[in-house]
There are 2 protein chains.
Amino acid sequence: MPEDVPADELNIGLLLYIPYRALEERVFAALAEAGYGDVTPAQARVFQRIGPNGSRLTDLAAAAQITKQTAGFLVDRLERARYVERIPDPTDARARLVRVTERGAATIPIGARVIAEIEAEWAAHLGQRRMAQLRAALTRLREITDPYR
Amino acid sequence: MPEDVPADELNIGLLLYIPYRALEERVFAALAEAGYGDVTPAQARVFQRIGPNGSRLTDLAAAAQITKQTAGFLVDRLERARYVERIPDPTDARARLVRVTERGAATIPIGARVIAEIEAEWAAHLGQRRMAQLRAALTRLREITDPYR
DNA sequence: ACATTTCAGTCAGTGTAACTGACCATATTA
DNA sequence: TAATATGGTCAGTTACACTGACTGAAATGT
């Protein structure tokens, strides 16, 4: 990912990464302060993808673009910390559904609140209109960059 | 980083992360194909921050938001693979400057070309105008999200 | 109905990349 | 010149990513 860096024209990858990283850091600081200091970014990236009725490990792996082994490792951690649970999949005896527990669900509004806060700060810096455009552009970009969707 | 996911309104963090990840993957595939298969994303994130006249380890660590130990570890790898070299800092006997080697510099146009390609694809999908707005918004966002800058 | 193939998930093993804490040597400051 | 700050390394731990090999259940094709 190297590129010439003429002081202001960073490559688009780094430009995406920098705010992502800043947001991530704030969210995890808030979670830690609320007593959820054991969740890690990698765990959260999987957690985020769990559907309302639970998701299969394989699907989580695909969505997060990691191997099923890695997904299994992360879900193990989340399970031991009681953020998720595994229940049998009634439609397929091979599979199990990873489901968010009550404790897991409790973290969601905390994250959501910080993210809303950050978005407000960003909107204040960019202006409401540009912030909306940014979100719209990224959402459209997802159509061609999210292999799962 | 958890958040409600109403099917289309993903949180802004994930929206930033998805295209970042897609770009990263393409760049590393291209580098691998060109015979530079040993560079890793973490190494590249440090490499990218090296200034034209070399940079100190501490500065690289700050810019990449990692500890100096981690930065040292990554630079060791880059050095062993001959992408960078360490020379004494003439202005401070404690410090050394990490500098891009010829071999390291050779990777830059490869990455740049793929990134240009991807940006063209994204521009085709969003339209030139929106792509320019996206870049502009992200660049401005950097003002409040890049603790180094 | 049964053999084959596909699919969900685990086990085992490896390497990379992140952290903390302790430390040394040189620079800077009081 | 004594105290403190800074640049960097050493040692140790943990997390997370991969590949390859495997088990058991499901779907598919004779």
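Sequence lines set the chain letters: A, B, ... in the order given, protein chains first and strands last, and positions in each chain run from 1.
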When rounded to whole Å, the CG to P distance for the pair Leu97(B) and dT6(D) reads 18 Å

* For dT16(C), take OP1 and OP2 only and decide whether either is under 4.0 Å from a side-chain N or O of Arg45(B). => no

Phosphate-side-chain proximity, Thr67(A) and dA17(D), N/O vs OP1/OP2 below 4.0 Å: no

Phe73(B) atom CZ is separated from dT9(D) atom P, nearest whole Å, by 14 Å

Asp38(A) atom CG is separated from dA15(D) atom P, nearest whole Å, by 11 Å

- Is the backbone of Ile144(A) close enough, under 3.5 Å, to the side chain of His125(B) for a donor and an acceptor to pair up by distance? no

- Item | Salt-bridge present (Glu117(A), Arg26(A); N to O < 4.0 Å) | yes

It should be established whether Gln69(A) places a side-chain nitrogen or oxygen under 4.0 Å from OP1 or OP2 of nucleotide dA21(D).
no

SB check Glu85(B) Arg103(B) (cutoff 4.0 Å): no

Next item on the list: Check whether any side-chain nitrogen or oxygen of Thr70(A) sits under 4.0 Å from OP1 or OP2 of dC16(D), and answer yes or no.
Entry: no

Separation of dT10(C) atom C1' from Glu79(A) atom CD, nearest Å, is 13 Å

Asp92(A) atom CG is separated from dT6(C) atom P, nearest whole Å, by 17 Å

Do the side-chain N or O atoms of Arg77(B) get closer than 4.0 angstrom to the phosphate oxygens (OP1, OP2) of dA18(C)?
no

From NZ of Lys68(A) across to P of dC16(D) the rounded distance in Å is 21 Å

Problem - Residues, nucleotides or ligands: over 12 heavy atoms within 6.0 Å of Gln128(B) CD - result: no

ask   = Does Arg96(A) put a side-chain nitrogen or oxygen below 4.0 Å from OP1 or OP2 of dT10(C)?
value = yes

Discussion item. Looking at dG7(D), I'd like to know if its phosphate oxygens (OP1 or OP2) sit under 4.0 Å from a side-chain N or O belonging to Arg56(B).
Written reply: yes

Comparing nearest nucleotides in DNA chain D, the 5'-proximal residue of the pair Gln43(A), Thr91(A) is Gln43(A)

DNA chain C nearest-nucleotide lookup for Thr58(A) and Ile66(B): closer to the 5′ end is Thr58(A)

Here the distance between atom C1' of dT26(C) and atom CG of Leu57(B), to the nearest Å, is 16 Å

Testing dA26(D), dC16(D), dT10(C) for proximity to the side chain of Arg86(A), the answer is dT10(C)

Rounded to whole Å, the CZ-P distance (Phe28(B) to dA17(D)) equals 15 Å

Students often get this wrong, so: under 4.0 angstrom with heavy atoms, is Asp89(A) touching a base, only sugar-phosphate, or nothing? nothing

Review point. For Arg99(A), does the CZ atom sit with more than 12 other heavy atoms under 6.0 Å from it, leaving out its own atoms?
Key: no

